[in-house]
Amino acid sequence: MYSQLKEYKYKDIYRFLSIVQESVEEEVGFWNFNEEMFADAATKFNKTSLLDIYITTTLFNYYHREFRKNGDCIENDEIERWIEIMKVYGIHPNIEYDEDADDASLVWFNKNVEHFENLFEKISPELVHILFNDKQFLFKFNCLLQDVIKDENKDYNIPWPEGSLNGDGTIKRQAIPKWVKNAVYHRDKGHCVFCCKDLSGLVNILKQSNYDHIIPLKQFGTNDPCNIQLTCEECNKRKGAQVKMPKYKYQSWW
Ligand SMILES: [Zn+2]
């Protein structure tokens, strides 16, 4: 089991994390993303989750814009820092950088597009590990997803797999796999996210736990691991197909 433990490779991960958090906070939706991967991840539980897709495209779009718009302000040592980060993740970027050329940093970025994509894909699981714990973030993220699934203004062209949608455009229900239940149970520490009732059976003999969609499928929610939460039977019934914010309580360590 311990061989499955992953190492945080990059010490400065919170810089990337804050870009993703801010992006969700400011309701920056999905753009310039792989629609096929999105359709697959939204309709069936996938270990490369919709959050992974959001993280990788958001970071790429953010830095692409930085290099495009503020390229003049990007100094040599920043390029060196990127090269260092990539090396930490076993990526070998093109290191030719002509600092006297016009748009030098953008030229360098464009030479390394694939390496940047690769870097953000490798960083993503580390960010997901942190963000999966943040219920407030997940709720807002799932609201952003709702807009893509609903697609009221026909902004997207998602290639939905045949038979994956209902007539009203909502996503069909899929059985929640064991690995998702396991992760959600441990994240929510065996407690109902609404009333905080213990569902572990340790201090409460009624241990009916329900795995509930944060944004219900009927409200254009997804079959994504990041859209599942643990609830008790009563709260689950009371919630039904409504969208309800979970409680953001935590227990202090001391
Ligand atoms: Zn409850």
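Numbering starts at 1 and runs along the sequence shown. Both ligands and their constituent atoms are indexed starting at 1 by order of listing. Remember, predicted model here, so these are calculated numbers, not experimental data.
Ring pair Phe60/Phe109: centre-to-centre distance below 6.0 Å. Aromatic ring centroids of Tyr63 and Trp108 lie 6.0 Å or more apart.
Between Asn76 and Glu99, the side chains place a donor N or O and an acceptor N or O closer than 3.5 Å (distance only, hydrogens not considered).
Near-neighbour remark for the Zn ion (ligand 1): protein N, O or S atoms under 2.8 Å are Cys192 SG, Cys195 SG, Cys232 SG, Cys235 SG; waters not counted.
With sequence neighbours left out, Asn118 forms a side-chain contact (heavy atoms from CB on, under 4.5 Å) with Ile91, Lys122. Scored by the side-chain contact (heavy atoms from CB on, under 4.5 Å) test, Glu25 finds Lys140 as partners (sequence neighbours excluded). Every residue two or more places apart in sequence or in another chain that forms a side-chain contact (heavy atoms from CB on, under 4.5 Å) with Ile130 is listed here: Tyr8, Ile13, Tyr14, Leu17.
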